[in-house]
Amino acid sequence: MADSTQEQGGASPAAKPLNFIQEIVEADIQAGKNAGAVQTRFPPEPNGYLHIGHAKSICLNFGIARDYHGSCNLRFDDTNPVKEDVEYVDSIREDIRWLGFDWGGREFYASDYFHQLAVYAVQLITAGHAFVCDLTAEEIRQSRGTLTEPGTESPYRDRPVDENLTLFSQMRAGEFPDGARTLRAKIDMASPNINLRDPVMYRILRAEHHRTGNTWCIYPTYDWAHGQSDSIERITHSVCTLEFEDHRPLYDWYIRELGIHHPQQIEFARLNLTYTVMSKRKLLQLVEEKVVNGWDDPRMPTICGLRRRGFTPESIRLFAERIGVSKRETMIDVSTLEDCVREDLNKRARRVLAVLRPLKVVIDNYPEEKVEDLDAVNNPEDPSAGSRTVPFSRELYIEQDDFREIAPPKYFRLTPGAEVRLRYAYIIKCVSVVKDSSSGEVAEVHCTYDPETRSGMANSGRKVKGTIHWVSARHALDVEVRLYDRLLLAAEAGGDDWKDRLNPDSLSVLNGCKAEPSLAQSTIGDLFQFERLGYFCPDRDGSNGRPVFNRTVTLRDTWAKLQKG
Ligand code: ATP
Ligand code: MG
């Protein structure tokens, strides 16, 4: 696939090629940098649930730590009390663990460093590198200049150090109203890099923080907190997405002026996936406007949504591995993710028989009271999964699609006069149909079976072209099935009108589905392949108390087929 190219290193052909980040880490270890230590971190802001893009970053950061005998911290970058919440902290922990990674108690918070950051701020003020500015947020924005024009210096830029120290301690003590003053770094208003134009380090904000409560009425900006937090944790390789490339000179400037440990920032291209949205702002909108049923709606690209949809941690890790890391922004087709889950579920999912849109079949020559328990393999890919029995009787359900009164060319399923094999059972032949007197639709298909053709018997007999699945009517379990389709109709969300591209049919609920009785024992976390239909998993919240199954993914990429015409 052209858009999943990986920037490859020069490792020997036998070994798996290194990605460019692993190359940097190996070179640093060989050069004895940081005494050979490797310390990474995953730094989410607790203002939303994690999504598949975060999973890429998690696999990368925890993967580097694992491969190079280092460790990876979980650090919550909680500098914005207004948008953050413990609900998000808890979900982030749960999702990382579920993905299979462990931070071994190394859980930190930027808010743990609020005191140290204030000490650093005083250090910069004392050295003449920071000043208290009385401009409003709007005035600061206006004086920043543009990409082509330099900014203008604040009239408060040359305040004496003592005055700055006094004002900063008054800011901390709550002597000024919200937004009245800021602390700014004194760097260069003419810098071509706008991030270096005297950026704000602290703002006055009376907001309760989910960890520090009302202790603080000034809060550090993300840009002031992030690099120093990395430094305090002695991060060696600070891996982040490309949009922070332009912030690196600022982070390096703070670290240099403070004279503290210097983590090496390395940027990579974020994951973009087709037919979905990944920005937390947009995901929050979907939840708040009830376009979806919460953060874990199986249509969401969130980790909890994918989990509920039936994705496994293995499939997501395989995906992260497969797309690799690069410096170039690309769009990954969602089919790449779906292929990974198919590959994993093919190995592990137990095969079962279920019918989504039932059509009654009556086998006229099968005794009325007779029931046979037929052997069915649980997983042809995994002999250790064993087998089970499924009950067979005179009345069955088959899929409406598997019968045509007038068959199109090359239709190898059931049609009047033709034969088809019932999976794990007999060859049957359609002899007549019964129609609904009012609608004229086929209500029942009558067949005869050939007792000599039972599957697995020595002379199970003739070959027929089609094999279809079925469920014994008398034994069938009534289930609800939810089919999911893409969240967006367009590959890319586009601009502000992205909600116009939402797929109105992203969820279809099928109520009258029939499943083999063994599914009555299924519990959340089980993985199934409904033969010929796709991969499914049990879900909670069934209406009418019926068991519910989510379709994780179809057996094949049906969209690829559509696009070929
Ligand atoms: P925000 O818009 O709130 O900053 P964010 O998606 O960047 O959203 P963070 O909580 O800051 O959220 O992300 C935590 C980490 O995950 C960061 O290091 C970030 O670079 C990484 N990350 C976020 N989105 C992606 C993505 N699509 N692909 C790869 N990494 C990502
Ligand atoms: Mg971010």
Side-chain angles (χ1 to χ4, degrees), residues 3-4 6 19-21 40-65 72-85 87-93 95-96 99 101 103 107-111 210 221-223 225-227 229-230 233 235 237-248 251 263-287 295 300-303 305-306 316-317 319-332 334 336-337 492-493:
D3 59 359
S4 63
Q6 193 169 333
N19 65 45
F20 81 97
I21 299 181
T40 57
R41 87 284 176 265
F42 173 65
E45 184 181 351
N47 62 351
Y49 281 66
L50 297 182
H51 54 59
I52 182 77
H54 294 116
K56 172 177 177 172
S57 174
I58 291 167
C59 291
L60 189 56
N61 280 298
F62 281 91
I64 290 169
C72 181
N73 296 351
L74 169 57
R75 184 176 68 248
F76 292 99
D77 266 336
D78 54 351
T79 53
N80 185 357
V82 182
K83 291 192 173 159
E84 296 160 4
D85 199 273
E87 173 195 351
Y88 300 129
V89 171
D90 294 340
S91 75
I92 288 169
R93 285 201 199 106
D95 289 347
I96 299 174
L99 277 175
F101 298 104
W103 51 99
E107 178 173 313
F108 306 110
Y109 293 78
S111 56
H210 65 105
T221 56
Y222 181 87
D223 274 351
H226 187 75
S229 301
D230 277 350
E233 293 176 17
I235 301 301
H237 301 86
S238 172
V239 178
C240 64
T241 38
L242 282 176
E243 67 270 25
F244 291 102
E245 200 163 16
D246 289 347
H247 297 239
R248 174 156 36 91
Y251 298 172
Q264 179 60 50
Q265 178 171 305
I266 305 167
E267 306 88 8
F268 70 98
R270 69 195 297 117
L271 168 67
N272 300 302
L273 257 194
T274 56
Y275 298 101
T276 192
V277 288
M278 214 104 84
S279 113
K280 280 193 216 164
R281 190 176 51 80
K282 290 179 181 155
L283 293 174
L284 182 64
Q285 243 176 305
L286 291 175
V287 173
W295 286 96
M300 294 279 270
T302 49
I303 313 259
L306 292 166
I316 294 175
R317 295 199 303 260
F319 172 69
E321 179 82 19
R322 199 160 279 177
I323 58 175
V325 286
S326 90
K327 275 272 188 195
R328 198 161 39 85
E329 282 281 354
T330 53
M331 198 43 126
I332 301 288
V334 69
T336 308
L337 176 62
E492 296 189 35

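For the numbers below, each heavy atom of this structure counts, side chains included, while hydrogens, waters and symmetry mates do not. Each ligand, and each atom within it, is numbered from 1 in the order the structure gives.
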Would you say ligand 1 has an N or O under 3.5 Å from any N or O of Leu271? yes
Test your reading of the structure: does Arg270 have an N or O sitting under 3.5 Å from an N or O of ligand 1? yes
Among residues two or more places apart or on two chains, list those pairs meeting salt bridge (charged side-chain N to carboxylate O under 4.0 Å, His left out) that have a residue in residues 50-63. none
Using a 3.5 Å cut-off on N or O atoms only, is Glu45 in polar contact with ligand 1? yes
With sequence neighbours left out, what residues match Phe62 under ring-ring contact (aromatic ring centres under 6.0 Å, His included)? Phe101
Whether Glu107 and Arg75 form a salt bridge (side-chain N of Lys/Arg under 4.0 Å from carboxylate O of Asp/Glu) is what I want to check. no
Hey, is Phe244 touching ligand 1 through its side chain, its backbone, both or neither, going by heavy atoms under 4.0 Å? neither
For ligand 1, is any non-hydrogen atom under 4.0 Å from Arg281's backbone (N, CA, C, O), its side chain (CB onward), both, or neither? neither
Aromatic contact, Phe108 with Phe76 (centres under 6.0 Å): no
Within reach of ligand 1, part of Lys280 (heavy-atom separation under 4.0 Å): side chain
Winner among Asn272, Thr241, Leu50, Asp77 once heavy atoms are compared against atom 19 (C) of ligand 1: Thr241
Answer with side chain, backbone, both or neither: which part of Pro43 has a heavy atom less than 4.0 angstrom from an atom of ligand 1? both
Is Ala269 close to ligand 1, meaning an N/O of one under 3.5 Å from an N/O of the other? no
